[in-house]
Participant: 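Below is the structure I would like to discuss, written out as structure tokens.
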Amino acid sequence: MPELPEVEVVRAGLQPVVSGAVVSGVEILDPRSLKRHGGPSDDFVDRLVGGTIDAAVRRGKFLWFPFEPARAHDEPLALVAHLGMSGQVLLRDRDAEPDRLMRIRLDVESPAVGPIRLAFVDQRIFGSMALDETVPTLDGRPAGFAGPRLLGSDPDALDARGHRDVPGAVGTDADPADWVRRVPHQVSHIARDPLDPAFDERRVIARLLARRTGVKRALLDQGLLSGVGNIYADESLWAARVHPEQPTESLSAARARVLLAEVRVVLLRALGEGGTSFDAQYVNVNGQSGYFSHSLNAYGRQGETCPRCGTPIVREAFMNRSSHFCPRCQRVR
DNA sequence: CACACACCCTGTTTGC
DNA sequence: TGCAAACAGGGTGTGT
């Protein structure tokens, strides 16, 4: 469940369960799911067991759990999870039948719900878990979103750009905990996402216009802005009436602002519908699917009519994937 | 530094 | 029905 809304749905589902939870047991069923862990499986297990998870934090498509090891460590650690193309984190009873494609099993004692299992399930093994050191954020702002509820679920908390920035809430500037302003080393090169209160819109637009590539490639560059993948790139470009191959250097700042505004609208709408799901592969922590697939205007709709003008949506090969757009509404100009 | 591309993997769906 | 090919929403490393 790979893009920002789907990862946020998972994060929000885990946050109340993992906060303050003590890890009681870890089993690596497939070591390939630890490929981003800088050490052997034994090291992963040994350092995790007995420790306490502080929270569930997300930046873009990356999810991590700030973590206090059983024995005081010189540097704060984080358990980093990336879902890749097909990863899931599912909450299961410990005596439940194991999920067939479970790669990592984490048993925790949760203050909120008691003993429970976090099952890392991943068909294609593009996802991973890892223990990683953390570094302070460069701008001194919170490293990601760690709120107690789904991002965007409280309309009163959103500012004009769709940002949530509530003083005093976990994961905002007012939170004194150390982990709030520390980011896992392997996430530190990932840019902030467009729903992050610390997202620097002017700087991102300046960098976007300075590139010499197609605008969709830029939208997918997680070092420029994070959280947008193939589905939401296509949906945002459709909403903003921008062709995916529109050269970035030909965009006006005004058009770039409109595009980023549409990115936010699309991400927030998807959040409101629990994310996009095409099948059982993409589910929340309880195994339930979202509904945004019913709201798609371009993605996966090749041959069907554009909801705006009635022209058939086309699909074109793009970076080993596909772009879907309306050839009439979205022209290179 | 920025960009384009190859690569990593497996299970399910499709088309013959 | 059986089989192979196509397909899938990710990030990273490398070479230019």
Side-chain angles (χ1 to χ4, degrees), chain A residues 1-10 29-38 58-64 80-89 99-103 120-130 132 184-191 193 204 206-237 244-245 247-249 263 266-267 270-271 273-284 289-293 295-296 298-302 315-324:
Chain A
M1 17 181 81
E3 302 185 46
L4 186 155
E6 293 75 32
V7 179
E8 173 60 16
V9 167
V10 171
L29 294 96
D30 193 328
R32 291 175 297 178
S33 290
L34 290 184
K35 62 190 168 194
R36 301 225 39 171
H37 176 67
R58 181 194 53 75
R59 173 188 291 197
K61 305 170 193 174
F62 273 89
L63 182 63
W64 70 89
V80 182
H82 196 286
L83 303 178
M85 298 276 263
S86 57
Q88 311 172 348
V89 181
D99 293 273
R100 194 164 55 88
L101 300 173
M102 181 167 73
R103 313 291 187 186
F120 183 76
V121 176
D122 188 9
Q123 179 198 112
R124 294 174 72 184
I125 322 183
F126 281 20
S128 64
M129 281 190 154
D132 196 11
H185 183 257
Q186 57 182 258
V187 184
S188 59
H189 68 291
I190 299 294
D193 61 65
V204 171
R207 289 183 65 194
L208 177 68
L209 300 187
R211 298 222 162 171
R212 300 191 65 81
T213 186
V215 64
K216 181 173 173 180
R217 275 186 171 77
L219 279 183
L220 295 176
D221 184 343
Q222 306 296 302
L224 179 62
L225 71 163
S226 66
V228 177
N230 207 36
I231 294 178
Y232 298 116
D234 282 359
E235 291 300 304
S236 303
L237 289 164
E245 297 293 348
T248 46
E249 66 267 32
V263 169
V266 167
L267 294 177
L271 279 169
E273 298 181 36
T276 302
S277 301
F278 300 123
D279 52 48
Q281 193 69 237
Y282 309 103
V283 295
N284 67 14
S289 297
Y291 289 94
F292 193 72
S293 55
S295 304
L296 296 173
Y299 185 84
R301 296 192 66 250
Q302 61 275 12
R315 171 181 170 169
E316 278 184 6
F318 173 82
M319 292 172 72
N320 284 328
R321 299 190 180 93
S322 300
S323 283
H324 311 74

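Worth saying up front: this structure is predicted, and the values here are computed from it rather than measured.
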Participant: Rounded to whole angstroms, how far apart are CZ on A/Arg301 and C1' on C/dG9?
Facilitator: 18 Å

Participant: How would you label the contact of A/His324 with the nucleic acid (heavy atoms, under 4.0 Å): base, sugar-phosphate, or nothing?
Facilitator: nothing

Participant: Give the nucleotide from the list B/dC5, C/dG9, B/dG11 with an atom nearest to the side chain of A/Arg321.
Facilitator: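 For A/Arg321, the side-chain atoms sit closest to C/dG9.
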
Participant: Does A/Tyr232 place a side-chain N or O at less than 4.0 Å from the phosphate oxygens OP1/OP2 of C/dG9?
Facilitator: no

Participant: Taking for each residue the nucleotide of DNA chain B bearing the nearest heavy atom, is the 5' side occupied by A/Arg207 or by A/Asn320?
Facilitator: A/Arg207

Participant: What distance do A/Arg59 atom CZ and A/Leu4 atom CG have between them, rounded to the nearest 0.5 Å?
Facilitator: 12.0 Å

Participant: Looking only at side-chain N and O atoms, does A/Arg124 offer a donor or acceptor that is under 3.5 Å from a partner on A/Ser86?
Facilitator: no

Participant: Could you work out which one of C/dG9, B/dC5, C/dG11 sits closest to the side chain of A/Arg217?
Facilitator: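 Closest nucleotide among those given: B/dC5.
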
Participant: Using atom C1' in both nucleotides, what's the gap between C/dT12 and B/dG11 to the nearest angstrom?
Facilitator: 23 Å

Participant: A/Phe126 has an atom CZ; how far is it from atom P of C/dG9, in whole Å?
Facilitator: 11 Å

Participant: Can you check the A/Arg212 CZ to C/dT16 P distance for me, whole Å?
Facilitator: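 To the nearest whole Å, that distance equals 22 Å.
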
Participant: How long is the span from the CG atom in A/Asp234 to the CZ atom in A/Phe318, to the nearest 0.5 Å?
Facilitator: 8.5 Å

Participant: Would you say A/Lys61 places a side-chain N or O within less than 4.0 Å of OP1 or OP2 belonging to C/dG11?
Facilitator: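 Yes, such a contact exists.
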
Participant: Can you check the A/Leu219 CG to B/dC3 P distance for me, whole Å?
Facilitator: 13 Å

Participant: Just to verify, what does A/Phe62 make a ring-ring contact (aromatic ring centres under 6.0 Å, His included) with, not counting sequence neighbours?
Facilitator: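 Partners of A/Phe62 under the ring-ring contact (aromatic ring centres under 6.0 Å, His included) test: A/His82.
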
Participant: Quickly work out the A/Phe120 CZ to B/dC9 P distance and round it to whole Å.
Facilitator: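 My rounded result for the distance is 14 Å.
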
Participant: Of the listed nucleotides (C/dG9, B/dA4, B/dC3), which one gets closest to any side-chain atom of A/Arg211?
Facilitator: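 Between C/dG9, B/dA4, B/dC3, the one nearest the side chain of A/Arg211 would be B/dC3.
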
Participant: Would you check if A/Trp64 and A/Gln186 make a side-chain contact, meaning some heavy-atom pair closer than 4.5 Å?
Facilitator: no

Participant: Just jot down the salt bridge (Lys or Arg N to Asp or Glu O under 4.0 Å) partners of A/Arg212, sequence neighbours excluded, or say none.
Facilitator: A/Glu249

Participant: Pick the closest DNA chain C nucleotide for A/Gly227 and for A/Arg124 by heavy atoms, then say which residue is nearer the 5' end.
Facilitator: A/Arg124

Participant: Starting at CD of A/Glu3 and ending at P of C/dG9, how long is that distance when rounded to a whole Å?
Facilitator: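 In whole Å, C/dG9 P lies 9 Å from A/Glu3 CD.
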
Participant: Give a yes/no on whether any side-chain N or O of A/His189 is located under 4.0 angstrom from OP1 or OP2 of C/dT12.
Facilitator: yes

Participant: Of the nucleotides C/dG11, C/dC7, B/dT12, which has the atom closest to the A/Gln123 side chain?
Facilitator: B/dT12

Participant: Rounded to whole angstrom, note down the P distance from B/dT14 over to C/dG9.
Facilitator: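 Pairwise P distance, B/dT14 against C/dG9, rounds to 15 Å.
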
Participant: Expressed as a whole number of angstroms, how long is the span from A/Met85:CE to C/dT12:C1'?
Facilitator: 14 Å

Participant: Ignoring hydrogens and geometry, is there a side-chain-to-backbone donor-acceptor pair from A/Arg207 to A/Leu209 under 3.5 Å?
Facilitator: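 No; judged by distance alone, with no hydrogens or angles, the pair does not exist.
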
Participant: Can you tell me how far P of C/dG9 sits from CG of A/Asn230, to the nearest Å?
Facilitator: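 It is 5 Å, rounded to the nearest whole Å.
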
Participant: Within the 4.0 Å heavy-atom criterion, would you say A/Arg100 contacts the bases, only the backbone, or no part of the nucleic acid?
Facilitator: sugar-phosphate

Participant: Distance check: side-chain N/O of A/Arg32 vs OP1/OP2 of B/dT10, anything under 4.0 Å?
Facilitator: yes

Participant: With the side chain of A/Thr213 defined as its heavy atoms from C-beta on, choose the nearest nucleotide among B/dC3, C/dG9, B/dT10.
Facilitator: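 The answer is B/dC3, which lies nearest to the side chain.
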
Participant: Taking side chain as C-beta onward, heavy atoms only, is A/Arg211 less than 4.5 Å from A/Asp221?
Facilitator: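 Heavy-atom side-chain distance check passes, below 4.5 Å.
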
Participant: Kindly express the pairing pattern of DNA chain C in dot-bracket notation, using | wherever a base pairs with another strand and counting only Watson-Crick or G-U pairs under 3.5 Å.
Facilitator: .|||||||.|||||||

